[in-house]
Amino acid sequence: MEFRSHMDTALSEARASASRGEVPVGAVVVAPDGRVVAAAGNRTREMADPTAHAEILALRAACIAAGSERLPGHSLYVTLEPCPMCAAAISFARIARLYYGAADPKSGGVAQGPRIFSHPQCHHVPDIYDGLSAAPAEALLRAFFAKRRP
C-alpha cells in the first residue's frame, strides 16, 4: 500500500481544539487498510479530565470501533510528540506506527524526557516517524500560546 499521510486531518483536529480554548493537538488513528477509524483533539478543559488528550480520545474511539483494547497494524498520527501518559497508552494499544509533528522538549515522552519506548518495562514499541508536518503544528502551538502569554 502506498504511504498516505493523515497529518492534515490531525492538524484540522488541532485547529478545532484551539477554537475550543484547548491546547491545539490533534490525533488520527488509521486502520491497516488505510481507513481513518478515529480522530480527536484535546478536550481536557471541556471534559474536566486531565487524561482527555487527543491521543487518548482517538485511541479510545478506535478501540471501541475495533471491539478490542489492542490495535495491531494501526497507525497514529498526532501533531505533537506524545507525553509519557500517551506514549504508554500507545504501547498498551499495540499501535504499529506513530507519526508525529512537533517535538515537545518540555513534556514529550518519546524522544524527550522519559523516552517511554526505551524502557525495559515497555512491552511494545511502534515504528516512530517524527517531524511530519512539524512546521504547521509548531505554528499552531506558538500562535495559541502567544495569545495566552503576553
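We count residues from 1, following the sequence as given. Below, each value reflects all heavy atoms present in this structure, side chains not excepted, and no hydrogens, waters or symmetry copies. Note that this is a predicted model, so its numbers are computed, not measured.
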Handout entry: salt bridge (Lys or Arg N to Asp or Glu O under 4.0 Å) against R43, all qualifying residues, sequence neighbours excluded
Key =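 With neighbours one apart ignored, the set is E46.
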
Handout entry: Counterpart residues, salt bridge (Lys or Arg N to Asp or Glu O under 4.0 Å), relative to R115 (two or more places apart)
Key =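 Partners of R115 by the salt bridge (Lys or Arg N to Asp or Glu O under 4.0 Å) criterion come out as none, since no residue qualifies.
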
Looking at every non-hydrogen atom in both residues, tell me the closest pair between [X] and [Y] and how far apart they are.
X	Y	result
A14	G26	CB-N, 3.6 Å
S19	A16	OG-O, 2.7 Å
C86	H53	SG-ND1, 3.4 Å

Problem - Heavy-atom side-chain contact between H74 and V30 under 4.5 Å - result: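 Not touching, per the 4.5 Å side-chain cut-off.
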
Problem - pair L141-P24: side-chain heavy atoms closer than 4.5 Å - result: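 Heavy-atom side-chain distance check passes, below 4.5 Å.
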
Handout entry: V36 and V29: CA distance, side-chain angles, deciding distance, side chain to side chain contact (heavy atoms under 4.5 Å, CB included) verdict
Key = CA-CA 6 Å; V36 171; V29 179; over 6 Å; no

Problem - R20 atom CZ, neighbour heavy-atom count above 12 within 6.0 Å - result: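 Counting other residues, nucleotides and ligands, CZ of R20 exceeds 12 neighbours.
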
For residues [X] and [Y]: do they belong to one hydrophobic cluster (side chain heavy atoms under 4.5 Å, members Ile, Leu, Val, Met, Phe, Trp, Tyr)?
X	Y	value
L98	V25	yes
L57	M7	no
V110	I116	no
F117	F92	no
M47	V23	no

Practice task
Apply side chain to side chain contact (heavy atoms under 4.5 Å, CB included) to the pair I56 and M85, showing each step before the final yes or no.
Solution key: CA-CA 9 Å; I56 299 293; M85 173 185 72; 4.1 Å; yes

Handout entry: Pairing residues for A27 by the side-chain contact (heavy atoms from CB on, under 4.5 Å) criterion, not counting sequence neighbours
Key =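 Scan of A27 (side-chain contact (heavy atoms from CB on, under 4.5 Å), adjacent residues dropped) gives A54, E55, A58, L76, V78.
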
Practice task
Using distance alone, with no hydrogens and no angle criterion, decide if T51 and R60 have a side-chain donor and acceptor under 3.5 Å apart.
Solution key: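 There is such a pair (donor and acceptor under 3.5 Å, judged by atom type) between the side chains of T51 and R60.
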
Problem - Donor + acceptor pair across side chains of T44, N42 (<3.5 Å) - result: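 No, N42 and T44 have no side-chain donor paired with an acceptor closer than 3.5 Å.
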
Exercise for the section: Evaluate side chain to side chain contact (heavy atoms under 4.5 Å, CB included) for L11 paired with S133, printing each intermediate quantity in order. Expected result: CA-CA 9 Å; L11 286 164; S133 298; 4.1 Å; yes

Would you compute the distance between atom [atom1] of [X] and atom [atom2] of [Y] and round it to the nearest 0.5 angstrom?
X	Y	atom1	atom2	answer
D104	C83	CG	SG	8.5 Å
L140	L80	CG	CG	11.0 Å
E22	S17	CD	OG	6.5 Å

Handout entry: N/O donor-acceptor pair under 3.5 Å between S91 side chain and A87 backbone
Key =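 No: the side chain of S91 does not pair with the backbone of A87.
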
Practice task
Check step by step if side chain to side chain contact (heavy atoms under 4.5 Å, CB included) holds for C63 and L71.
Solution key: CA-CA 7 Å; C63 286; L71 300 167; 3.8 Å; yes

Handout entry: Within 45° cone and under 6.0 Å: R148 NZ/CZ vs F144 ring
Key =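 Positive - R148 is close enough to the ring of F144 and near enough to its axis.
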
Practice task
Specify whether Y77 and Y99 have parallel, tilted or perpendicular ring planes, treating 30° as the upper limit for parallel and 60° as the lower limit for perpendicular.
Solution key: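 The arrangement is parallel - the two ring planes meet at less than 30°.
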
